[in-house]
Amino acid sequence: MLTSKKVLSRKRRQRSVRKRTTGSDALPRLCVYRSSKHIYAQVISDESGVTLLSASTLSKETAGSEEGKGVEAAKQVGREIAKLCDAKQIARVVFDRNGFLFHGRVKALAEAAREAGLVF
């Protein structure tokens with residue numbers, strides 16, 4: 001399988017981040033994936049191997065919004081994931097940027113989640 005240098009570099013960074021961040025039932029992991037068009041966020045318990053909740057630009061709550069794409073959509077997803085965490089009484093998480101650099105849409109999602117009350 002041929003993969004680009006960009007993908008290989010992200011996978012290397014992803015392994016580096018995953019060594020340090022693991023989610024537990026008490027402190028789950030907020031994992032972010034950024035594609036060219038959309039952004040996804042999942043809250044995962046690595047002990048149980050279960051995705052507790054998720055939000056993305058494709059979910060019902062954010063798909064019909066006026067924000068569209070880009071940084072504004074990432075902020076919307078960050079607020080949505082914080083709201084879902086609050087409903088499940090999850091106050092603290094470990095942030096996993098999944099090998100993506102912490103700027104742009106990933107940073108906007110993280111800051112919006114923090115502003116909405118999620119601690120990491």
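Treat the numbers as computed from the prediction; the structure is a model and nothing was measured. Side chains included, hydrogens not; waters and symmetry mates left out as well; all remaining heavy atoms used.
- No donor-acceptor pair closer than 3.5 Å links the side chain of S59 to the backbone N or O of A55.
- Closest of all the heavy-atom pairs between R13 and G99 is NE-O, 2.7 Å.
- Taking the six-membered ring where tryptophan is involved, the planes of Y33 and F100 are perpendicular, since the angle between them exceeds 60° and thus also 30°.
- At a threshold of 4.0 Å, the pair R114-E111 does not count as salt-bridged, since none of the basic side-chain nitrogens sits closer than that to a carboxylate oxygen.
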Worked check of side-chain contact (heavy atoms from CB on, under 4.5 Å) between V77 and H38:
CA-CA 10 Å; V77 172; H38 299 286; over 6 Å; no
With side-chain contact (heavy atoms from CB on, under 4.5 Å) as the test, would you mind laying out the steps for L52 and I90 before giving the verdict?
CA-CA 10 Å; L52 303 174; I90 299 172; 4.1 Å; yes
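- When every heavy atom of A74 is checked against every heavy atom of A108, the shortest pair comes out as CB-CB, 4.2 Å.
- Here the shortest heavy-atom pairing between Q42 and S54 reads CG-CB, 3.9 Å.
- Taken from OG in S4 to CZ in R10, the straight-line distance is 10.0 Å, to the nearest 0.5 Å.
- With rounding to the nearest 0.5 Å, the separation of CZ in F95 from CG in L118 is 10.0 Å.
- Atoms CZ and NZ, from R97 and K107 in turn, are 13.0 Å apart once rounded to the nearest 0.5 Å.
- For the residue pair R18 / N98, a side-chain donor-acceptor distance below 3.5 Å is found, with atom types taken as modelled.
- Applying the salt bridge (charged side-chain N to carboxylate O under 4.0 Å, His left out) test to pairs two or more places apart or on separate chains, those with a residue in residues 46-55 are R29-D46.
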Apply side-chain contact (heavy atoms from CB on, under 4.5 Å) to residues S56 and I39 and explain how you reach the verdict.
CA-CA 6 Å; S56 73; I39 191 159; over 6 Å; no
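- K88 places a side-chain heavy atom less than 4.5 Å from the side chain of L53.
- Hydrophobic clustering of Ile, Leu, Val, Met, Phe, Trp and Tyr side chains at less than 4.5 Å, counting indirect connections, unites L58 with L84.
- Between V43 and C85 the shortest side-chain heavy-atom distance falls below 4.5 Å.
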Any chance you could lay out the side-chain contact (heavy atoms from CB on, under 4.5 Å) test for V17 and D96, step after step, and finish with the verdict?
CA-CA 7 Å; V17 169; D96 177 13; 3.3 Å; yes
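- To the nearest 0.5 Å, the span separating OH on Y40 from OG1 on T57 amounts to 6.0 Å.
- Rounded to the nearest 0.5 Å, atoms CG (D86) and CD1 (I81) are 12.0 Å apart.
- Here the NZ-OG distance, from K11 to S16, works out to 14.0 Å after rounding to the nearest 0.5 Å.
- Under the 4.5 Å side-chain contact rule for hydrophobic residues, F102 and L30 share a cluster.
- V94 and V106 fall into different hydrophobic clusters, where Ile, Leu, Val, Met, Phe, Trp and Tyr residues are linked whenever their side-chain heavy atoms come under 4.5 Å apart, directly or through other members.
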